[in-house]
Amino acid sequence: MHRLSQLLLPTEKQPPADAEALSHQLMVRAGLVRQLGSGLWSWLPAGWRIHQKVIAIIREEMDLSGAQEVSMPVLQPRELWEKTGRDHINELFKLEDRKGSPMVLALTHEEAMTHHVAQLVRSYRELPFTLYQVQLKERDEARPRAGILRTREFVMKDAYSFDRDEAGLDESYAQQTVAYARIYDRCGLQWYRVESDVGMMGGAGAHEYMAPCAAGEDEIVLADGYSANVEVASTTPEPAQYADPVGAPEAVSTPAAKTIDEVAAQLGVHASALLKAVVVVGPEGLVLVLVRGDDSVQDTKLENALGGKVRPANDAEIAKAIGPAGFLGPVGMVDPSTKVLLDRAVEDVEVIVGANRPDEHLKGVQHGRDFTAQRADVRLAKPTDTIDGKPVEIVPAIEIGNIFKLGTRYSDALGATFLDEDGARHSIVMGSYGIGPARIVAASAEQFGDERGIAWPAAIAPWQVHVAGLGKPGSEEAEAAEKLATTLSEAGFEVILDDRSGGAGAKLADAELIGAPLRLVIGRRTLERGEAEAQLRRGSVDLDAVSLADPVPAVRAHLASAP
RNA sequence: CGGGGCGUGGCGCAGCUUGGUAGCGCGCCUGCUUUGGGAGCAGGAGGUCCUCGGUUCAAAUCCGGGCGCCCCGACCA
């Protein structure tokens, strides 16, 4: 049992002035966390209980999946990171020890894990296995934000699977998928598993686990039977509204009309009758990217299509290769060999494009007839899109976990190999699997927070039962609350007792702020009936009163009904 | 990294324009009263006004440098 009179649980009526995200405001108001510096957060007792409960669930499910827990240093020799080429990552904290030896603070543990496995594993007989740890990660984030949503130091559960081949990896990956679903379900979150970009991790496939909420940094595309990050989502736009065909390219005057809207207005056509031109410099040089006029380019999809990082081209580069900015098109480019990338959603019909001459556009331009281009899906999904005819929804979400098929990128770099039955050497095939417990906590606060506090899912609530006696210390109500809390605590429930001398309003308000799933209140009237009033925090649902003479069965039943 | 904003008791803020006694609400401490929705009265404690320097008889206030924090964007293994 914990007593509110003794607990370091500093609740606040007002949120910090600089807190924007709901979870940030509520977690500070509820006395769960306090800030030490930008992106650096300390957990106070109640908050740490929640965090630890999430970790306990993760640990149980990891162990159940067959993964083995280890622990590796956060402080590591930079040499290790030079071998995988990740030593130049901006987010990597770099430092030196007193001898001047280059060190880093790990932002994940692929290098360390793979290093050890490379030393320890010799034979296919030792594979497969999966290692995990619950360990700090350090990242020099360009912009920490939203309380504990994006921090520079955080605890991560990171797991790494080691298999002899792709088929084995698929199996390990599937095992983690099962464990992840159980973890998020048990934590009581609303979540989606979405297809994701493989990012700089490389590899053969990746999924993210996303908790939809207003403060989400990512956007996910949802449809019946489909879910994907907008960075990879592939959807179908509404049908375009084309201008009447004219048979061949034909110049039209569009004075000073540089934007799609201006051109569409001057010509009296819908934006989808035009092509929008975006010029970037990719790994193989300058590219003219064309999407429908009412679409926009999704950078990650474009980078995947071009096979590497891209940057916007500057006006000089554009003028040299194509034409005057604002009037760009695939026909009549200054350098006709300039690569053209055409979005998959653009049909082979006549559209309107820039003429590569000032104040002029061309109508009647058709792909395949008037110009050629590489095809790729690079458009940003929109809420009006469909997928297989079904409407999509695009919602913000917090990334609460991810899983990657790494392949042999790290095992190749660090020499993690094994000998097969025939004595042939192969690289170990790896996967990596991360979960941020703090993100789960924050996502819960986002999903289940209201203006009064956070209605924690029962599985991760800091306490199961909140007992409040409304009288002052020493009163009959307070004595009865004390006795009730003791009985429940001895019966194995996690109880927090409000034994403070404050007024009833303050006690009830704090109970809602702290957010235990079940609240038991003893006031003068309820005491006269020999009962405690019972209420579920989620939804403020009034339950049958609990008998003070025999409270345990009723409390057990009430908690079983708590979400 | 680009743009914007902010730094004044624990929290939220005013004061700065026009230099001169640091102030308000909440919280905290003591006493009495009060106890079903953030109580009342009385008394009290608590602040290098982010920091360094400059101007001035005098700086929270004006000027300059630095540091810190937040928000938007870029970025985000």
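The chains referred to below are lettered A, B, ... by the order of the sequence lines, with proteins before strands, and numbering in each begins at 1.
B:U33 and B:A45: their C1' atoms are spaced 23 Å apart (whole Å). With C1' as the reference atom, B:G47 and B:G53 are 23 Å apart, rounded to whole Å. Atom name P, nucleotides B:U8 and B:C70: the rounded distance is 14 Å, in whole Å. Across B:C63 and B:G19, the matching P atoms stand 12 Å from one another, rounded to whole Å. Taking atom C1' in both B:A58 and B:C13, the straight-line distance is 27 Å, to the nearest Å. For B:C75 and B:C28, the C1' atoms lie 44 Å apart once the distance is rounded to whole Å. Of the P atoms belonging to B:G66 and B:G12, the separation is 27 Å, rounded to the nearest Å. With P as the reference atom, B:C16 and B:U56 are 24 Å apart, rounded to whole Å.
Rounded to an integer number of Å, the gap from A:L8 CG to B:G10 C1' is 12 Å. We find that CG of A:D299 is positioned 13 Å from C1' of B:G73, with the value rounded to whole Å. One can place CG of A:L136 at 17 Å from C1' of B:A77, the figure rounded to the nearest angstrom. A:L22 has its CG atom 14 Å from the P atom of B:C71, to the nearest Å. For the pair A:L508 CG and B:A39 P, the interatomic distance rounds to 11 Å; values are reported in whole Å. Distance CD1 (A:I522) to C1' (B:G36): 13 Å, rounded to an integer number of Å. Computed from coordinates, the A:E91 CD to B:C1 P distance equals 12 Å when rounded to whole Å. Rounded to a whole Å, the CZ atom of A:R143 is 6 Å from the P atom of B:C71.
Proximity note for A:S38 (side chain, C-beta onward) versus B:C72, B:U34, B:C70: the nearest is B:C70. Checking B:C26, B:U34, B:C11 against the side-chain heavy atoms of A:E12 singles out B:C11 as nearest.
The phosphate of B:U35 has neither OP1 nor OP2 within less than 4.0 Å of any side-chain N or O from A:S475. Contact annotation: A:Q35 side-chain N/O to B:C70 OP1/OP2 distance is under 4.0 Å.
The aromatic rings of A:W191 and A:Y184 lie tilted to each other, with the angle between the two planes from 30° to 60°.
Applying the Watson-Crick and G-U wobble criteria (two distances, each under 3.5 Å), B:G43 pairs with B:C29. When Watson-Crick and G-U wobble pairs are counted only if both distances are under 3.5 Å, B:A60 pairs with no nucleotide at all. Nucleotide B:C49 forms a pair with no other nucleotide shown, judged by Watson-Crick or G-U wobble geometry with both contacts under 3.5 Å. The partner of B:G73, taking Watson-Crick or G-U wobble pairs whose two distances both stay under 3.5 Å, is B:C1. As the counterpart of B:C6, B:G68 is assigned, both hydrogen-bonding distances of the Watson-Crick or G-U wobble pattern falling under 3.5 Å.
Under 3.5 Å, the side chain of A:T526 and the base of B:G36 form at least one donor-acceptor pair of N or O atoms. For A:R500 and B:G38, a side-chain-to-base donor-acceptor distance below 3.5 Å is absent, hydrogens and geometry of angles not being considered. With hydrogens and angles ignored, a donor-acceptor pair closer than 3.5 Å exists between the side chain of A:R150 and the base of B:C76. Side-chain to base pairing of A:R29 with B:G38: one donor and one acceptor N or O lie within less than 3.5 Å of each other. Residue side chain A:E512 reaches the base of B:G37 through a donor-acceptor N/O pair under 3.5 Å, judged by distance alone. Side-chain to base pairing of A:E533 with B:G36: one donor and one acceptor N or O lie within less than 3.5 Å of each other.
In this structure, the side chains of A:V232 and A:S196 stay at 4.5 Å or more apart for every pair of heavy atoms. Side-chain atoms of A:I440 and A:L189, non-hydrogen and from C-beta on, do get closer than 4.5 Å to each other.
Each of A:K507, A:R537, A:R538, A:R519 was scored for a salt bridge (Lys or Arg N to Asp or Glu O under 4.0 Å) with A:E512, with one residue passing: A:R519.
Residue contacts shown for A:D510 include a base, since a base heavy atom lies under 4.0 Å away. Counting non-hydrogen atoms under 4.0 angstrom, A:G502 reaches a base of the nucleic acid. Within 4.0 Å (heavy atoms only), A:E20 reaches sugar-phosphate atoms of the nucleic acid but no base atom. Residue A:A146 is classed as a sugar-phosphate contact, given heavy-atom separations below 4.0 Å to backbone atoms only. In this structure, A:S501 reaches the bases: a heavy-atom distance under 4.0 Å links it to at least one base atom across the strands shown. Across all strands shown, A:N402 has heavy atoms under 4.0 Å from base atoms, whether or not it also approaches the sugar-phosphate.
Looking at A:R145, its side chain never comes within 3.5 Å of a backbone N or O of A:R150 through a donor-acceptor pair.
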- Message: Let's go through A:K301 and A:D377 carefully: what are the C-alpha distance in whole Å and the side-chain angles of both, what is the deciding distance for salt bridge (charged side-chain N to carboxylate O under 4.0 Å, His left out) to 0.1 Å, and is it a yes or a no?
- Response: CA-CA 7 Å; A:K301 290 169 75 171; A:D377 177 13; 3.1 Å; yes
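Of the N and O atoms on the side chains of A:S23 and A:E446, at least one donor lies less than 3.5 Å from an acceptor on the other residue.
Closest-nucleotide positions on RNA chain B for A:K507 and A:A19 were compared, and the one nearer the 5' end corresponds to A:K507. The nearest heavy atom of RNA chain B to A:L36 and to A:P16 marks one nucleotide each, and the one closer to the 5' end goes with A:P16.
Figure legend: cation-pi geometry between A:K137 and A:F154 absent, as NZ or CZ is not positioned both under 6.0 Å from the six-membered ring centre and within 45° of its axis.
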